[in-house]
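To keep things clear, I will list the structure first and then write my remarks on it.
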Amino acid sequence: QVQLVESGGGLVQPGGSLRLSCAASGFTFSSYYMSWVRQAPGKGLEWVSDINSGGGSTYYADSVKGRFTISRDNAKNTLYLQMNSLKPEDTALYYCARDLSIRLGFYDYWGQGTQVTVSS
């Protein structure tokens with residue numbers, strides 16, 4: 001069965017860094033676009049970043065552009081999100097998600113999420 005398991009979240013001070021990981025299994029990881037989506041307390045879902053199947057094309061929300069880097073290691077079936085210069089407004093539950101092949105931007109599988117808290 002398809003599984004996505006996020007890890008790497010935690011408490012960090014403003015300006016700090018975290019590296020999130022998403023371990024994928026149960027499908028051909030290298031064939032899919034993958035995304036990071038987050039949900040701040042009391043807020044709706046916010047798309048953060050996408051990466052194509054081969055890892056050569058990446059896309060970012062304006063709010064994180066220049067600070068976050070999405071990447072993947074298809075040999076390890078793992079998606080990453082390197083987060084630098086973190087701000088309090090980055091505090092959220094971060095999910096990795098698999099994009100539908102027939103409709104990018106729509107997701108069929110999600111991980112359980114990993115909490116990122118940015119606070120002094």
Is a side-chain donor or acceptor of [X] paired with a backbone partner of [Y] at a separation under 3.5 angstrom?
X	Y	answer
N74	S53	yes
N84	S17	no
S21	Y80	no
R72	G55	no
N52	S57	yes
T91	V118	yes
Y95	E6	no

Validation row: [X], [Y] side chains within 4.5 angstrom (heavy atoms):
X	Y	value
S71	D73	no
Y33	L100	no
D90	M83	no
M34	F29	yes

Shared hydrophobic cluster for [X] and [Y] (ILVMFWY, side-chain gaps under 4.5 Å):
X	Y	answer
W110	W36	no
V64	I70	yes
L81	V116	yes

Heavy-atom pair with the smallest gap, counting every atom of V5 and Q112: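 Closest pair (atom of V5, atom of Q112, distance): CA-OE1, 3.6 Å.
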
Parallel, tilted or perpendicular, as decided by the 30° and 60° cut-offs, for the rings of Y94 and F68: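 Rings of F68 and Y94: tilted, as their planes differ by 30° to 60°.
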
Chi angles and distances behind the side chain to side chain contact (heavy atoms under 4.5 Å, CB included) call for S119, L11: CA-CA 7 Å; S119 177; L11 175 64; 4.3 Å; yes

Other residues, nucleotides, ligands: >12 heavy atoms within 6.0 Å of F27 CZ: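 It does: F27 CZ has more than 12 such atoms within range.
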
Gap separating the CH2 atom of W47 from the OH atom of Y107, nearest 0.5 angstrom: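 W47 atom CH2 to Y107 atom OH measures 7.5 Å (nearest 0.5 Å).
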
Check ion pair D62-K65 (N to O, under 4.0 angstrom):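 Salt bridge between D62 and K65, a charged N being under 4.0 Å from a carboxylate O: yes.
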
Member of K87, R38, E89 meeting the side-chain contact (heavy atoms from CB on, under 4.5 Å) criterion with S63: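 Running side-chain contact (heavy atoms from CB on, under 4.5 Å) over K87, R38, E89 with S63 returns exactly one hit, R38.
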
